[in-house]
K.L.:
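This is the structure I want to talk about, given as structure tokens.
Here is how names work: the chains are called A, B, and so on, in the same order as the sequence lines, proteins then strands, and each is numbered from 1. Since the structure is predicted, the reported quantities are computational estimates derived from the model, not experimental observations.
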Amino acid sequence: MSITIKLAIDIFNRSKLQTDSDFLISNFAECSDVDKTQINKAALISKLHRYKEKLKGKRGKQKEEFENEVFSIPVATSTSTASKGKLYKDELYSYKETCTSLATEMSEIQKKSVEKLVVIKSEHAVKIKENESKHKQELLSLKKTQSEELQSQTKRLRLETKRVSQKTSKVYNENEKLLEQLKVIKKSKQLICYENILLRRKLERCSIIKETQKQKNLEKTLISEKNKVSNCLREIEVLKQNNSKLLYQLEKEERTVLEQNNKLQLLDQPDPLLNLKVQLQTATEERDYLHSLLLDHEEIILFDPVKKSYTPDTRQCIMNITNFNVSSNNVGPVIKEVLKLANRTPNAVPTRKTVDNIIVEKIAIGQKQLGLTVGAQQDTCLYGDETRNFGKTYQTFLLSDDNKQVYFLGLRDMHDKAASATLDMFANILDDISDICETYRNNDITSHGHSILSNIRNFMSDRAQTNIAFTELLQNYRTEIMPTFLQNWNELTIGEQTSTVKHERIKAFFEIVHGANNKLHKLTLQLVKKQYILACCKVLGLISKLITAPLWRLIESNMHVLDMNTNYLSLLTYLDRMSKDSTDFITGEEFPFPKELVEKDKMLEKLVQANEGIDDKACAFAQLAFSKDCIKSWLKQ
DNA sequence: AGACTTTAAGGGATGTTAAG
DNA sequence: CTTAACATCCCTTAAAGTCT
């Protein structure tokens with residue numbers, strides 16, 4: 001037995017009046033053959049609420065049909081749904097044990113690592129102590145050996161100095177001896193002098209010859225004695241020199257001793273201590289690194305458990321990630337993977353569906369921005385383009401402002417190409433934007449969609465027939481909703497009345513109505529004043545009207561390709577003729593294809609009108625364009 | 001080249017939970 | 001009780017990839 005939605009909602013409404021909380025379930029159990037205990041109450045209530053909400057939006061036949069649909073009662077599932085992102089209560093019990101065991105495991109691991117750290121620390125301390133004692137021993141041994149060496153060296157030096165001093169004393173002694181000898185010699189000399197005097201006296205007394213002989217002998221001995229003295233003196237000088245040399249050597253030795261002492265002092269500097277310090281630093285760094293490893297993998301809060309929603313930052317992150325064409329399925333894993341780089345783990349990661357919902361938010365935000373910023377922009381330009389894909393046609397609407405910033409208004413698929421449909425789409429998009437900005441609309445008199453519409457100054461379109469019609473419709477639409485708006489158009493019609501020629505109108509439009517605002521406008525205004533440009537334009541327009549457009553119509557008709565031959569031939573002969581004299585082309589009296597194919601409209605009317613000064617130039621241009629050489633060069637391209 | 005499978009994406013229906 | 005926020009399941013389609 002099954003119950004309808006109408007009955008289900010009826011029971012639900014009645015149950016609200018009851019105080020008995022069991023009323024709802026027992027009633028449902030009665031009406032269907034489902035067991036009372038099997039019913040999932042929360043799901044049932046949630047479902048009923050949803051159906052009520054749904055029913056509100058339905059009227060008439062639709063409502064009736066919906067009410068009569070079968071209502072299936074949610075039944076408690078024996079196996080709880082295994083959720084990936086969140087844990088539910090019944091699961092919690094099963095997970096609790098594993099979690100606690102995991103936690104104890106983790107804490108044990110942590111304890112172990114802490115113990116390890118302690119062990120490492122104590123090891124380091126022991127090592128440091130060992131190194132210190134080693135260093136001390138080394139230092140002591142070094143000092144001992146060095147001091148021994150020093151002592152032996154000083155001993156040697158002392159011995160040497162002793163020797164040197166002994167030598168010098170010897171030299172001194174010798175010197176003194178020599179001096180004594182010298183004294184003796186001097187004394188002897190004196191004695192000899194006395195003797196000499198005595199002898200002289202004797203000589204005086206004795207014979208002169210004998211005396212002289214004796215004197216001579218004496219002189220000889222004197223000279224020899226003198227030589228002896230001088231020799232002694234020389235020896236003394238040499239000894240003196242030796243003495244000074246030895247003194248110099250002594251000085252040198254003393255200096256070397258000093259140097260050795262300095263060296264010894266330098267050797268006393270404690271080098272190994274520095275090494276030890278470096279070792280200690282690296283050890284502490286290693287320890288800190290290990291410690292930081294223990295502290296890492298901190299959780300990052302992406303999902304606010306209090307608000308039960310992802311944080312705004314996370315939402316923005318998701319929006320930005322989807323901007324890079326990451327599929328909604330992969331946004332979660334991408335976030336996880338990137339956080340790994342920073343050694344963090346997210347507390348939750350959105351599923352595909354949630355990401356999809358956030359993408360919808362993104363679009364809403366974009367439209368809100370459009371309403372607020374574009375609505376305030378003056379002088380905007382509307383673009384439109386058609387895209388076709390898989391047999392469906394889509395119409396895009398773009399808007400650019402003064403700063404050349406382009407905004408994307410929206411995209412809709414078109415059921416048909418009619419201009420009215422395009423307008424409907426556009427109005428639909430503007431309505432959407434207005435709806436999004438609902439809260440702001442209450443304060444404004446005009447909606448944001450309307451302000452966007454009223455600020456559109458230009459409409460850029462390809463020359464597709466639809467777009468021309470669309471432009472007209474758009475104008476009408478604007479006049480409908482904004483009667484004060486059409487100032488520009490009124491002025492334009494004034495310009496239209498005063499001139500009959502099209503380029504005059506363009507001139508008037510830029511000079512009187514619109515004003516040449518940008519480079520393109522200025523250029524157009526300048527060119528439109530040049531006669532040869534106008535002549536070219538006339539030729540191009542006529543080519544389109546008389547040759548290209550009819551040719552298109554022919555090609556698009558159901559004619560067989562082979563049957564086109566005659567038409568191509570007539571076109572060629574026509575072009576050949578016109579290259580010699582193209583007056584008939586300019587006046588629009590002659591054309592290559594059947595008359596029916598030429599569309600007679602305002603445009604053609606204006607084009608074939610005679611223009612003083614322009615026609616002869618146009619004639620020349622046309623003949624140039626249709627000449628065989630020119631056509632050949634076209635075909636090559 | 002065609003058959004078959006996988007992946008990304010859209011969308012509806014509905015269960016779960018906790019705050020209002 | 002209502003409702004928001006998130007989740008899951010299911011179905012569908014287009015496009016890309018793989019196999020035969």
K.L.:
When you measure from the side-chain N and O atoms of A:N40 to the phosphate of B:dT16, is any distance below 4.0 Å, counting only OP1 and OP2?
P.N.:
yes

K.L.:
Rounded to whole Å, please give me the gap between CD1 in A:I45 and P in B:dT14.
P.N.:
16 Å

K.L.:
I'd like to know if A:R50 reaches the base of B:dG15 with its side chain, counting only an N/O donor and acceptor under 3.5 Å.
P.N.:
yes

K.L.:
Quick check on B:dA13: is either OP1 or OP2 less than 4.0 Å from any side-chain nitrogen or oxygen of A:K54?
P.N.:
yes

K.L.:
From the options B:dT14, C:dC1, B:dA13, select the nucleotide whose nearest atom is closest to the side chain of A:Y51.
P.N.:
B:dT14

K.L.:
Closest to the A:A43 side chain: B:dA13, C:dC1, B:dG15?
P.N.:
B:dG15

K.L.:
Passes side chain to side chain contact (heavy atoms under 4.5 Å, CB included), A:I547 versus A:Y574? Steps please.
P.N.:
CA-CA 10 Å; A:I547 301 171; A:Y574 176 79; 4.1 Å; yes

K.L.:
Mind calculating the distance between NZ (A:K56) and P (C:dT3) to the nearest angstrom?
P.N.:
7 Å

K.L.:
Round to the nearest Å and state the distance from A:E53 atom CD to B:dA13 atom P.
P.N.:
14 Å

K.L.:
With a non-hydrogen cut-off below 4.0 angstrom, is A:K52 in contact with a base, only sugar-phosphate, or nothing?
P.N.:
nothing

K.L.:
Rounding to an integer number of Å, can you tell me how far A:K41 NZ sits from C:dT2 P?
P.N.:
12 Å

K.L.:
Do the side chains of A:E108 and A:K111 get close enough for a salt bridge, i.e. N-O under 4.0 angstrom?
P.N.:
no

K.L.:
Among B:dT14, B:dA13, B:dT17, find the nucleotide with the atom closest to the side chain of A:S72.
P.N.:
B:dT14

K.L.:
Given atom NZ of A:K47 and atom P of B:dA13, what is their separation to the nearest angstrom?
P.N.:
10 Å

K.L.:
Starting at atom CG of A:N13, determine the distance to atom P of C:dC1, rounded to an integer number of angstrom.
P.N.:
12 Å

K.L.:
Taking side-chain hydrogen bond (donor to acceptor under 3.5 Å, both in side chains) as the test, write out the residues that go with A:K47, two or more places apart.
P.N.:
A:S72

K.L.:
Just to verify, what does A:F66 make a ring-ring contact (aromatic ring centres under 6.0 Å, His included) with, not counting sequence neighbours?
P.N.:
A:Y51

